[in-house]
A.B. asks: 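Structure incoming, see below.
A, B, ... follow the sequence lines: proteins, then strands. Residue 1 opens every chain.
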Amino acid sequence: MQTDLAPQLLDWYDRNHRSMPWRVPPGARAAGERPDPYRVWLSEVMLQQTTVAAVREYFQRFTARWPTVADLAAAEDAAVMAEWAGLGYYARARNLLKCARAVAVDHGGQFPASGAALLALPGIGPYTAAAVASIAFDEPAVVVDGNVERVMSRLHLVETPLPRAKPELTALAAALTPQQRPGDYAQAVMDLGATICTPRSPACGICPWMDPCAARAAGVQASLPRKEAKAAKPVRTGLVWLVTRPDGAVLLEERPAKGLLGGMAGFPTTGWDGSTLPAPLQADWQEVGEVRHTFTHFHLVLTVLRGISAGNPTRGTFTPRAAFSPAALPTVMRKAWDLAATPRPA
DNA sequence: TATCCGTGGTT
DNA sequence: TAACCAAGGAT
């Protein structure tokens with residue numbers, strides 16, 4: 001009975017709700033309480049390709065510092081980038097600010113209440129538009145993330161590999177999306193995928209959709225969804241210069257606004273494709289070791305050079321030690337700092 | 001449409 | 001340990 005699937009899942013959700021800082025529990029929601037669209041949007045952007053555990057503390061810090069979208073819109077770029085440091089996919093932070101400012105300027109400080117209008121905002125794609133529309137505004141939008149793709153591929157035994165199967169899985173998800181409690185339903189499917197219908201060893205024995213699940217009946221649930229093979233990651237190498245002035249100031253530069261780690265603060269480096277660049281100034285360089293870091297599509301081995309100089313750098317700006325926080329750096333830069341700061345055996 | 005874009009936890 | 005994986009979006 002396909003028509004009973006959504007109510008079955010909502011019953012499960014009511015009994016197994018997971019508390020999160022950006023959520024309104026189903027009980028309070030039934031009593032009329034509505035989530036703050038700003039908090040729903042912020043959490044959904046943070047949750048793009050990112051785990052709930054990783055997002056929690058960032059969400060708390062952002063909402064404590066910028067309680068409303070107007071506060072965020074008025075923030076300085078560098079402050080937001082520094083607060084996002086470590087969370088990854090830094091284009092999200094750049095688009096977060098663009099979006100907040102668009103809401104402030106073009107929408108009177110209120111998030112538009114439809115999925116179609118949300119989709120037009122920076123950093124909001126099909127998933128996030130549907131998630132915010134359903135969770136914050138009760139629109140029966142079709143929410144399709146990696147969890148939903150996995151659940152649908154198993155429930156309906158879809159053997160077409162991703163990403164080719166995406167349109168089919170979206171259509172299947174649309175057929176199940178209810179008019180009643182669409183926001184709770186969206187969160188319920190994603191919770192199901194996150195806690196029961198997991199990638200490797202799904203807990204089918206306690207799944208509310210065990211009976212109608214075609215993959216479970218065929219015993220192939222763990223092999224779905226199928227995915228196209230991914231390209232191997234090449235190894236890239238480069239140099240990074242950690243320069244301090246005798247007074248302790250640290251040489252930092254803001255990376256270009258686009259591309260890898262775009263808009264983030266960092267230490268000057270060579271290119272990472274074998275190209276060579278001159279050092280930012282003259283110094284007696286000391287090699288402290290190597291830092292290894294894996295990005296989305298390549299492995300990086302960075303040789304860390306340390307030097308002390310009071311000269312005028314050709315790149316970057318000396319930042320007073322008191323104004324420098326390693327926590328404001330992307331992880332690969334923080335690794336380099338930690339390596340240079342850690343005493344090594346002679 | 002294919003590629004680019006981080007990070008930390010899990011297996 | 002290397003591969004895989006996560007509440008994707010922009011270009």
A.B. asks: Within the structure shown, what part of the strands sits under 4.0 Å from A:Arg23 by heavy-atom distance: base, sugar-phosphate, or nothing?
C.D. replies: base
A.B. asks: Does A:Tyr90 place a side-chain N or O at less than 4.0 Å from the phosphate oxygens OP1/OP2 of B:dT7?
C.D. replies: yes
A.B. asks: Applying salt bridge (Lys or Arg N to Asp or Glu O under 4.0 Å), can you list everything that pairs with A:Asp71, at least two apart in sequence or on another chain?
C.D. replies: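 Partners of A:Asp71 by the salt bridge (Lys or Arg N to Asp or Glu O under 4.0 Å) criterion come out as none, since no residue qualifies.
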A.B. asks: Contact class for A:Asn95 vs. all strands (heavy atom < 4.0 Å): base, sugar-phosphate, or nothing?
C.D. replies: sugar-phosphate
A.B. asks: Among B:dG6, C:dC5, B:dT7, find the nucleotide with the atom closest to the side chain of A:Thr331.
C.D. replies: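 The closest nucleotide is B:dT7.
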A.B. asks: For A:Arg101, give me all partners under salt bridge (Lys or Arg N to Asp or Glu O under 4.0 Å), at least two apart in sequence or on another chain.
C.D. replies: A:Asp77
A.B. asks: Can you name the side chain to side chain contact (heavy atoms under 4.5 Å, CB included) partners of A:Pro199, sequence neighbours left out?
C.D. replies: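 Partners of A:Pro199 by the side chain to side chain contact (heavy atoms under 4.5 Å, CB included) criterion, ordered by chain and then number, come out as A:Arg150.
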A.B. asks: Take atom NE2 of A:His293 and atom P of B:dT7, then tell me their distance rounded to the nearest Å.
C.D. replies: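 Spelled out: NE2 on A:His293 to P on B:dT7 is 4 Å.
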A.B. asks: Heavy-atom contacts under 4.0 Å between residues 116-124 of chain A and DNA chain B, which residues?
C.D. replies: none
A.B. asks: What do you reckon, is CG of A:Asn312 surrounded by more than 12 foreign heavy atoms closer than 6.0 Å?
C.D. replies: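 No.
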A.B. asks: Could you tell me which residues satisfy side chain to side chain contact (heavy atoms under 4.5 Å, CB included) with A:Gln282, sequence neighbours excluded, listed by chain and number?
C.D. replies: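 Per chain and number, A:Gln282 pairs via side chain to side chain contact (heavy atoms under 4.5 Å, CB included) with no residue.
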A.B. asks: Give the rounded distance in Å between these two atoms: NZ of A:Lys335 and P of B:dG6.
C.D. replies: 14 Å
A.B. asks: Using every non-hydrogen atom in the two residues, find where A:Arg23 and A:Arg18 come nearest and quote the distance to one decimal.
C.D. replies: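 Closest heavy-atom pair between A:Arg23 and A:Arg18: NH1-O, 3.0 Å.
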A.B. asks: What integer distance in Å separates A:Leu300:CG from B:dT7:P?
C.D. replies: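 These atoms are roughly 11 Å apart.
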A.B. asks: For the side chain of A:Gln48, starting at C-beta, report the closest nucleotide among B:dT7, B:dC5, C:dG9.
C.D. replies: C:dG9
A.B. asks: Would you check if the side chain of A:Tyr58 reaches a backbone N or O of A:Ser43 as a donor-acceptor pair within less than 3.5 Å?
C.D. replies: no
A.B. asks: Can you tell me how far P of C:dG9 sits from CE of A:Met46, to the nearest Å?
C.D. replies: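 Answer to the nearest Å: 16 Å.
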A.B. asks: Are any side-chain N or O atoms of A:Arg29 and backbone N or O atoms of A:Val24, one a donor and one an acceptor, separated by less than 3.5 Å?
C.D. replies: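 Side chain of A:Arg29 to backbone of A:Val24, a donor-acceptor pair under 3.5 Å: no, none is there.
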A.B. asks: Here's a test of your reading of the structure: between A:Arg200 and A:Gly259, which maps to the more 5' nucleotide of DNA chain B?
C.D. replies: A:Gly259
A.B. asks: What pairs with A:Lys233 under salt bridge (Lys or Arg N to Asp or Glu O under 4.0 Å), at least two apart in sequence or on another chain?
C.D. replies: none
A.B. asks: Using a cut-off of strictly less than 4.0 Å between a heavy atom of the residue and any atom of DNA chain C, enumerate the qualifying residues of residues 13-22 of chain A by number.
C.D. replies: A:Arg18, A:Met20
A.B. asks: Would you mind reading off the distance between A:Glu149 atom CD and C:dC5 atom C1', rounded to a whole angstrom?
C.D. replies: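 One finds 13 Å between C1' of C:dC5 and CD of A:Glu149, rounded.
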A.B. asks: Considering just the side-chain nitrogens and oxygens of A:Arg292, establish if one lies under 4.0 Å of OP1 or OP2 belonging to C:dA2.
C.D. replies: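 Answer no for this pair, as no side-chain N or O of A:Arg292 is under 4.0 Å from OP1 or OP2.
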A.B. asks: Please list, chain by chain and in numerical order, all residues satisfying salt bridge (Lys or Arg N to Asp or Glu O under 4.0 Å) with A:Glu33, sequence neighbours excluded.
C.D. replies: none
A.B. asks: Can you measure A:Glu228 atom CD to C:dC5 atom P for me and round it to whole angstrom units?
C.D. replies: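 After rounding, the gap between these two atoms is 13 Å.
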A.B. asks: Considering non-hydrogen atoms only, spot the tightest contact between A:Leu224 and A:Ser153 and give its length.
C.D. replies: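 Scanning both residues completely, I find the closest heavy atoms to be CD1-O, 3.5 Å.
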A.B. asks: Considering just the side-chain nitrogens and oxygens of A:Gln49, establish if one lies under 4.0 Å of OP1 or OP2 belonging to C:dG8.
C.D. replies: yes
A.B. asks: Measure from NE2 on A:His299 to P on C:dC4 and round the result to the nearest Å.
C.D. replies: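 The answer, rounded to whole Å, is 10 Å.
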A.B. asks: With ring centroids as reference points, do A:Phe295 and A:His297 lie under 6.0 angstrom apart?
C.D. replies: no
A.B. asks: With DNA chain B as reference, determine whether A:Thr294 or A:Pro163 sits nearer its 5' end, using the nearest nucleotide of each.
C.D. replies: A:Pro163
A.B. asks: Does a side-chain N or O from A:Lys227 land closer than 4.0 Å to OP1 or OP2 of C:dA6, or not?
C.D. replies: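 So the side-chain polar atoms of A:Lys227 do come within 4.0 Å of the phosphate oxygens OP1 or OP2 of C:dA6, strictly under.
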A.B. asks: What is the distance from CE of A:Met264 to C1' of B:dG6, rounded to the nearest Å?
C.D. replies: 10 Å
A.B. asks: Does the side chain of A:Arg150 get closer than 4.0 angstrom to OP1 or OP2 of C:dA6 through an N or O atom?
C.D. replies: yes
A.B. asks: If you check every side-chain atom of A:Thr50, which of B:dG6, C:dA6, B:dT7 has the closest atom?
C.D. replies: B:dG6
A.B. asks: Could you tell me whether A:Leu87 contacts a base, only the sugar-phosphate backbone, or nothing, with contacts defined as non-hydrogen atoms closer than 4.0 Å?
C.D. replies: base
A.B. asks: Evaluate the side-chain proximity of A:Val240 to A:Val291: yes if any heavy-atom separation is below 4.5 Å, no if none is.
C.D. replies: no
A.B. asks: For residues 103-121 of chain A, which side-chain N or O atoms pair as donor and acceptor with protein atoms under 3.5 Å away, sequence neighbours left out?
C.D. replies:
| residue | atom | partner | partner atom | Å |
| --- | --- | --- | --- | --- |
| A:Ser114 | OG | A:Ala117 | N | 3.1 |

A.B. asks: Tell me which residues in residues 125-136 of chain A put a heavy atom below 4.0 Å from DNA chain C, sorted by number, or none.
C.D. replies: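 The stretch gives A:Gly125, A:Pro126, A:Tyr127, A:Thr128 as the residues lying under 4.0 Å from the strand, ordered by number.
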A.B. asks: Ignoring backbone atoms, test whether A:His297 places a side-chain nitrogen or oxygen under 4.0 Å from the OP1 or OP2 oxygen of B:dC5.
C.D. replies: yes
A.B. asks: Which one, B:dG8, C:dC5, B:dG6, comes nearest to the side chain of A:Arg334?
C.D. replies: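 Closest nucleotide among those given: B:dG8.
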A.B. asks: Got a sec? Which of residues 51-86 of chain A come in under 4.0 Å of DNA chain C, heavy atoms?
C.D. replies: A:Val52
A.B. asks: Run the numbers on A:Arg181 and A:Asp184 for salt bridge (charged side-chain N to carboxylate O under 4.0 Å, His left out), then give the verdict.
C.D. replies: CA-CA 5 Å; A:Arg181 301 179 62 189; A:Asp184 282 344; 2.9 Å; yes
A.B. asks: Would you give me the side-chain donor-acceptor pairs under 3.5 Å for residues 206-215 of chain A, sequence neighbours excluded?
C.D. replies:
| residue | atom | partner | partner atom | Å |
| --- | --- | --- | --- | --- |
| A:Trp209 | NE1 | A:Leu5 | O | 2.9 |

